[in-house]
There are 2 protein chains.
Amino acid sequence: MNFKESHTLILNNVSRFINLTELEKQKYISLLTEVKVVKRGFLMQAGEVAKYEYFITKGCLKVYTLDDDGAPHISMFAIEDYWTGDLSSFMTKKSSRYYIRATEDSELLGISRANYDLLFQEIPKFERFYRILYQKSLISYIGRSNYGISLTAEERYIEFKKKYPQIINRITQKDLAGYIGITPEFMSKIISKVNRM
Amino acid sequence: MNFKESHTLILNNVSRFINLTELEKQKYISLLTEVKVVKRGFLMQAGEVAKYEYFITKGCLKVYTLDDDGAPHISMFAIEDYWTGDLSSFMTKKSSRYYIRATEDSELLGISRANYDLLFQEIPKFERFYRILYQKSLISYIGRSNYGISLTAEERYIEFKKKYPQIINRITQKDLAGYIGITPEFMSKIISKVNRM
DNA sequence: TAAAAGTCTTAAACTAGTTCATTTTTTTTC
DNA sequence: GAAAAAAAATGAACTAGTTTAAGACTTTTA
């Protein structure tokens, strides 16, 4: 059997941590659902329960909440080879506070909650896969946990630019401001200052 | 066989997510090391490699970094029935940026990196235990990831008070300021303001 | 139990970041 | 490819949080 391009991408991602037999690969792929979202389309909206966890095979999306004043707070940008979704809502089946919206035409592979649970029964190796995946995500979130309160906005911008050069050119300055946690006006000032340096 | 009080505590913690046989329990306990730290003592210091991940059976500790000006940024307080350590350093074996210091006389159970790896071979069920543990931690870190940039210091204080009433009476106002991400002076103003309300 | 060290409070002068308003530039849509 | 809509730039007046300094209170140590 040979797999589609998107299937090869996700199987390569999984094979970073566990080895699957051909049969297991087919089984895994059979549990996934293909999803497309056009630019500015919503993958999910606040108030819904997260039905899927997603792996991105093409495109770019932003995950954000709206505060009481309706101002967006972007918690992540996700591109090809990243996982995204609202893990909390997905696990608890409670309604989500998050919006996920494509900033480019995007393609994803989703796994439903039922299939996620089934996966551990059918291929217990996936306990290990997710153990390592969550461990790595956790390490990265722990590392960032203090950055909002201990760095200035300018330092957070410089760090983002260094860490995610492949993302910074694909998003608007306004969305970047929503991620850094400042107003678009102040973002504009910082960028012109840093570029002048 | 019967277990010590601290062993019962950690076995209860583990049994939230997986069931162990008596033999597995004994095996697990045999992989742990008991550690005591007196008030103001260090469990680890920046520059060291994290040799253990810890489960707290008694006491209270603070995990923090020092910034370039020597000001402490506290990333967590940990009390009985919590896990602590520097997961990044523990996994990568690179030197840590963190200090972990007891704010009360404390007792912990540590697992070394070698025993952590062995654990998955000997009792594969622990892949599931850590998958769920890390998933829950991750959900809580994701939930907090925007709180430093989207809430005011006063809102962060009120939230901390509501969420961790059992911790707030065990730490100094100065350490709380280091966690909230403000100066002790401003912390003092906020507390007197909130209490006046 | 006295001295030393650390913690907490208060206040005045300062700075990083916001708000609001206007203009210019870029992107989207028909 | 023109009109409309959205994003970016700039500037002036404002606010949340910092800095520095000094005195009062509490905890630790010898």
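Letters A, B, ... mirror the listed sequences (proteins, then strands); counts begin at 1.
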Set out, in order, the CA-CA distance, both residues' side-chain angles and the distance that settles ring pair (Phe, Tyr, Trp, His ring centres under 6.0 Å) for B:Y116 and B:Y130, then state yes or no. CA-CA 11 Å; B:Y116 176 85; B:Y130 279 105; 5.2 Å; yes
Does some side-chain heavy atom of B:I142 sit less than 4.5 Å from a side-chain heavy atom of A:D86? no
Which nucleotides of nucleotides 17-26 of chain D have their base under 4.0 Å from a protein heavy atom (B), which only their sugar-phosphate (S), and which neither (-), written as one string 5' to 3'? BBBBB-----
Is any side-chain N of the basic residue among A:E104 and A:K58 closer than 4.0 Å to the acidic one's carboxylate O? no
Please tell me if the side chains of A:R101 and A:Q45 come closer than 4.5 Å, counting only heavy atoms from C-beta onward. no
Flag the pair B:D175 and B:K62 as a salt bridge only when some basic side-chain nitrogen lies within less than 4.0 angstrom of an acidic carboxylate oxygen. yes
Identify the 5'-most and 3'-most nucleotides of DNA chain C with at least one atom closer than 4.0 Å to a non-hydrogen atom of chain B. C:dT7 to C:dA12
Only counting residues at least two apart or in another chain, list the ones meeting side-chain contact (heavy atoms from CB on, under 4.5 Å) with B:R16. B:N13, B:L133
Decide if the gap between the ring center of B:Y28 and the ring center of B:F126 is smaller than 6.0 angstrom. yes
Nucleic acid contacts of residues 159-178 of chain A, taken as heavy-atom distances under 4.0 Å to DNA chain D: A:T172, A:Q173, A:K174
A:R131 with B:E127: basic N within carboxylate O range, under 4.0 Å: yes
Identify, with sequence neighbours excluded, every residue that meets ring pair (Phe, Tyr, Trp, His ring centres under 6.0 Å) alongside B:Y64. B:Y99
Grab the NZ-C1' distance between B:K39 and D:dT28 for me, whole Å please. 9 Å
Name all residues meeting the side-chain contact (heavy atoms from CB on, under 4.5 Å) criterion together with A:S15; count only those two or more places apart in sequence or in a different chain, and write none if there are none. A:N12
